[in-house]
There are 2 protein chains.
Amino acid sequence: MSITIKDVARRLNLSITTVSRAIDGYDDVSEETRHLVIQTAHEMGYVPNQAARQLRRKRSDTIGYILPADQPRFSDPFFAEFIAGLGDEASMHGFDLLVSTAPPGSSAEHQAYERWTHGRKVDGVVLNRIQLNDWRVQYLARAQFPFVTLERSLDSCDYPSVEVNGRLWFKKLLDHLVSLGHQRIAYIGASPNLKIQADRLAGYRDGLAQHNLAYDASLVLEGDLTSEGGYRAGEHLLNLPKPPTAIACVDDMTAMGVLHIARQRGRTVGKELAVTGFDGIAGFEHTQPPLTTINQPVYQMARCLVQMLADQIARKPLPEKYVQIEPVLEIRQSTVGE
Amino acid sequence: MSITIKDVARRLNLSITTVSRAIDGYDDVSEETRHLVIQTAHEMGYVPNQAARQLRRKRSDTIGYILPADQPRFSDPFFAEFIAGLGDEASMHGFDLLVSTAPPGSSAEHQAYERWTHGRKVDGVVLNRIQLNDWRVQYLARAQFPFVTLERSLDSCDYPSVEVNGRLWFKKLLDHLVSLGHQRIAYIGASPNLKIQADRLAGYRDGLAQHNLAYDASLVLEGDLTSEGGYRAGEHLLNLPKPPTAIACVDDMTAMGVLHIARQRGRTVGKELAVTGFDGIAGFEHTQPPLTTINQPVYQMARCLVQMLADQIARKPLPEKYVQIEPVLEIRQSTVGE
DNA sequence: ATTCTATCCCAAAACGTTTTGGGGGTCAAG
DNA sequence: CTTGACCCCCAAAACGTTTTGGGATAGAAT
């Protein structure tokens with residue numbers, strides 16, 4: 001078995017109270033004793049039992065995040081970067097990061113949140129892939145459980161969040177495409193109850209309207225934020241009697257799939273057929289051809305979220321509850337090539 | 001505060017023992033009572049406190065994994081897929097997944113393992129990016145703590161692992177390159193104490209030897225498994241008075257960086273300058289140009305690891321401790337293009 | 001009438017911490 | 001000599017479970 005605080009206390013002929021308080025840095029234990037305790041504890045390889053500590057302290061020093069993995073080969077690099085950001089900032093605040101995978105909306109997801117919050121397995125959670133009306137937001141807000149979100153839902157709850165103005169920046173992509181002369185611009189989106197879909201589609205429509213282009217429902221398709229989804233939707237668009245000259249995708253992964261089908265069909269992507277993404281995943285500047293996209297600082301956003309969550313858990317007042325992040329329009333060959 | 005087992009017991013005029021045992025499915029409680037208990041517990045929204053349960057049961061139902069994030073913008077999609085695999089299989093066995101980020105070899109990494117194992121925060125851990133002699137393997141083996149690894153170290157410990165024969169398959173890449181007529185083949189590797197580096201470099205040398213090509217130390221560089229590292233090494237190689245006609249990279253991310261610099265230098269990658277990777281990350285078939293690589297089933301490998309870890313934790317005998325995975329040579333335009 | 005078995009239940013201990021509420025010394029001031 | 005103020009320290013309670021080791025009742029067998 002492991003070394004416990006009792007073993008340390010016995011070795012030093014001290015009470016466990018004193019050992020505990022020495023290590024925790026209370027000032028009602030002499031410097032001499034404290035030094036001795038810490039020294040001995042270290043020598044004996046004592047590490048506090050986390051479960052006991054959690055039980056007593058009523059906190060777990062852990063934050064939770066559920067990866068929206070809805071398919072087996074889930075390799076969206078967005079999440080590698082996002083998790084790295086969460087993890088780094090978490091450990092900076094002395095938190096561990098608990099990750100679960102569950103298809104969005106599944107009962108597995110429900111159960112995980114219930115176990116985590118009611119069972120006090122985590123002190124707070126990070127949400128993303130927010131829906132317009134999101135049960136998680138409502139559930140956590142009602143339970144008064146600390147949480148933060150990437151993108152805001154429309155629920156009228158008060159909670160900290162980080163957001164990119166998807167509507168505004170998607171419109172900038174449209175401006176860019178129109179400035180290149182495109183008139184038939186398609187849109188491949190995501191599930192309509194997703195916040196990013198609503199925002200980005202709105203940006204798409206704003207863009208059309210501003211340049212007096214008609215909204216053509218046959219050019220607006222639903223993907224699923226994967227390259228497969230983009231592939232299928234792209235295929236459909238290229239099969240149209242009068243296909244679009246530009247395809248604006250809701251995210252980079254979707255755009256990835258479009259590039260794939262375009263190449264298979266022998267369509268060189270660039271000026272003639274333009275494709276755009278949204279996310280700016282590091283490493284995706286090497287796609288075929290390099291992808292014009294909106295570049296979000298995913299790592300920073302993740303860290304910012306954890307920062308706010310940590311403050312909330314510590315009941316510190318937040319300097320600002322609603323952080324707006326400025327991305328960058330990255331123009332590459334997929335719209336201006338060849 | 002949350003609902004505890006006491007509240008449920010009081011409501012039903014039962015002892016907490018009976019409530020506990022009813023829920024846990026012991027047969028010394030009548031069916032009638034069990035039904036009532038489960039019903040009531042559910043109604044009251046009772047969820048067992050995880051800390052208390054862990055403390056008493058002496059296990060956490062959690063497995064740990066430390067993401068080797070050594071740089072801020074860490075977006076290697078390999079790990080998104082790997083984590084998804086770990087998470088899926090873990091929840092299948094009733095485990096949560098605890099993820100931390102720490103630069104390999106850092107003191108933060110040491111501390112995390114110590115806290116997790118001695119503090120019993122996790123029941124087992126998954127390791128990857130294994131080194132030839134890996135302190136983690138030795139540490140965990142000595143502590144008799146359950147763990148599994150992706151790739152084996154040379155330490156003479158007995159532990160379950162999953163591995164791809166990197167030496168054999170890297171040689172196949174060399175065979176492929178030579179068959180295309182390449183004579184000057186460079187290699188961009190990783191830190192020399194990494195197992196994958198040792199294996200893949202050995203495969204590179206095997207390939208050279210088999211085809212009677214001399215080993216030229218000036219064509220063998222060290223990267224860091226990132227696209228930046230690949231970029232720098234590639235730059236160096238292209239600056240040589242007599243640059244190589246093919247560059248074999250230790251992994252896909254490195255190859256990514258090479259593609260980048262090659263394009264910047266106006267070198268069309270394909271027949272004239274060939275580039276290969278290793279990993280077969282889903283989505284990387286869309287690079288510029290599509291990358292010839294060794295495709296590993298990362299998701300499956302992760303699940304297999306967790307499967308073995310779960311068996312080990314449950315002290316079940318493992319059907320096989322050492323699983324060898326067969327990847328696929330994926331030939332694409334980066335070697336046979338244009 | 002006693003013993004035995006089966007069935008259902010429970011009180012108390014245990015897990016390893018942290019926190020509460022003091023308790024003895026020593027020393028200086030009254 | 002008492003009082004108060006410090007300074008160190010500690011016993012015991014508490015956190016919410018699971019596990020241990022029975023205990024009570026009822027019916028069947030002796």
Side-chain angles (χ1 to χ4, degrees), chain A residues 1-38 40-41 44-62 94 114-123, chain B residues 1-38 40-41 44-62 94 114-123:
Chain A
M1 241 346 267
S2 272
I3 311 282
T4 76
I5 201 173
K6 269 189 199 164
D7 301 320
V8 179
R10 194 154 30 222
R11 165 85 76 97
L12 291 170
N13 274 325
L14 284 172
S15 72
I16 59 171
T17 308
T18 303
V19 174
S20 173
R21 297 180 76 86
I23 292 175
D24 269 21
Y26 282 73
D27 62 356
D28 63 352
V29 35
S30 73
E31 268 316 314
E32 192 187 6
T33 311
R34 179 197 317 292
H35 185 74
L36 194 62
V37 166
I38 291 178
T40 312
M44 298 177 70
Y46 167 67
V47 177
N49 178 294
Q50 300 289 317
R53 168 173 281 184
Q54 284 173 37
L55 177 58
R56 186 57 240 225
R57 283 190 175 164
K58 292 171 177 301
R59 59 192 166 89
S60 59
D61 294 319
T62 303
E114 188 162 77
R115 224 161 27 85
W116 283 4
T117 58
H118 278 94
R120 301 241 148 241
K121 180 121 187 178
V122 302
D123 296 334
Chain B
M1 241 347 267
S2 273
I3 312 282
T4 76
I5 201 173
K6 268 190 200 165
D7 301 320
V8 179
R10 194 156 30 225
R11 166 84 76 96
L12 292 170
N13 274 326
L14 285 172
S15 74
I16 58 171
T17 307
T18 304
V19 174
S20 173
R21 296 181 76 87
I23 293 176
D24 270 21
Y26 282 73
D27 62 355
D28 63 353
V29 34
S30 73
E31 268 316 314
E32 192 188 5
T33 311
R34 179 198 317 291
H35 185 75
L36 194 64
V37 166
I38 290 179
T40 312
M44 297 177 72
Y46 166 68
V47 177
N49 178 295
Q50 299 289 318
R53 168 173 281 185
Q54 283 172 38
L55 177 58
R56 185 58 240 224
R57 283 189 174 166
K58 292 170 177 303
R59 57 191 166 90
S60 58
D61 293 318
T62 302
E114 188 163 77
R115 223 161 27 85
W116 283 4
T117 58
H118 278 94
R120 303 240 148 240
K121 180 122 187 175
V122 302
D123 296 333

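Note that these values count all heavy atoms, side chains included, but never hydrogens, waters or copies made by symmetry. Below, chains carry the letters A, B, ... as their sequence lines are ordered, and counting in each starts from 1.
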Assign B/L14 to base, sugar-phosphate, or nothing according to its heavy-atom contacts below 4.0 angstrom with the strands shown. sugar-phosphate
In the structure I gave you, are the side-chain heavy atoms of A/T33 and A/T18 within less than 4.5 Å of one another anywhere? yes
Please determine if a side-chain N or O atom of B/T33 lies less than 4.0 Å away from the OP1 or OP2 oxygen of C/dC9. yes
Strictly distance-based, threshold 3.5 Å: is any side-chain N or O of B/R120 a donor or acceptor partner for the main-chain N or O of A/N49? no
Below 4.0 Å: OP1/OP2 of C/dT18 and any side-chain N or O of A/Y26: no
So, is B/K58 near the phosphate of C/dG16, with a side-chain N or O under 4.0 Å from OP1 or OP2? yes
Please pick, from C/dT20, C/dG16, C/dT18, the nucleotide with the shortest atom-to-atom distance to any side-chain atom of A/T4. C/dG16
For the pair B/T40 (side chain) and B/L36 (backbone), establish whether a donor and an acceptor sit closer than 3.5 Å, ignoring hydrogens and angles. yes
With sugar-phosphate meaning primed atoms plus P, OP1 and OP2, does A/S20 contact a base, only sugar-phosphate, or nothing at under 4.0 Å between heavy atoms? base
Hey, is B/R10 close enough to B/D7 for a salt bridge, meaning N to O under 4.0 Å? yes
Please work out if A/T17 contacts a base, only the sugar-phosphate, or nothing of the nucleic acid, heavy-atom cut-off 4.0 Å. base
Distance in angstrom units between A/L12 CG and D/dC10 C1', rounded: 15 Å
To the side chain of B/T18, which of C/dT19, D/dT17, C/dC9 is closest? C/dC9
Can you identify which nucleotide, out of C/dC8, C/dA13, C/dT17, has its nearest atom closest to the B/R56 side chain? C/dA13
Out of D/dT18, C/dC8, C/dG16, whichever nucleotide has its closest atom nearest the side chain of B/I16: D/dT18
NZ/NE/NH1/NH2 to OD/OE distance under 4.0 Å, B/D61 and B/K121: no
Tell me: CZ of B/R57 to C1' of C/dG16, nearest whole Å? 18 Å
Using a heavy-atom cut-off of under 4.0 Å over every strand shown, decide if B/N13 touches base, sugar-phosphate, or nothing. sugar-phosphate
Under 4.0 Å, heavy atoms only, any strand: does B/N49 hit a base, just the sugar-phosphate, or nothing? sugar-phosphate
Position toward the 5' end of DNA chain C (nearest nucleotide), B/A52 or A/R21: B/A52
Can a side chain N or O of B/K6 be found less than 4.0 Å away from OP1 or OP2 on D/dT17? no
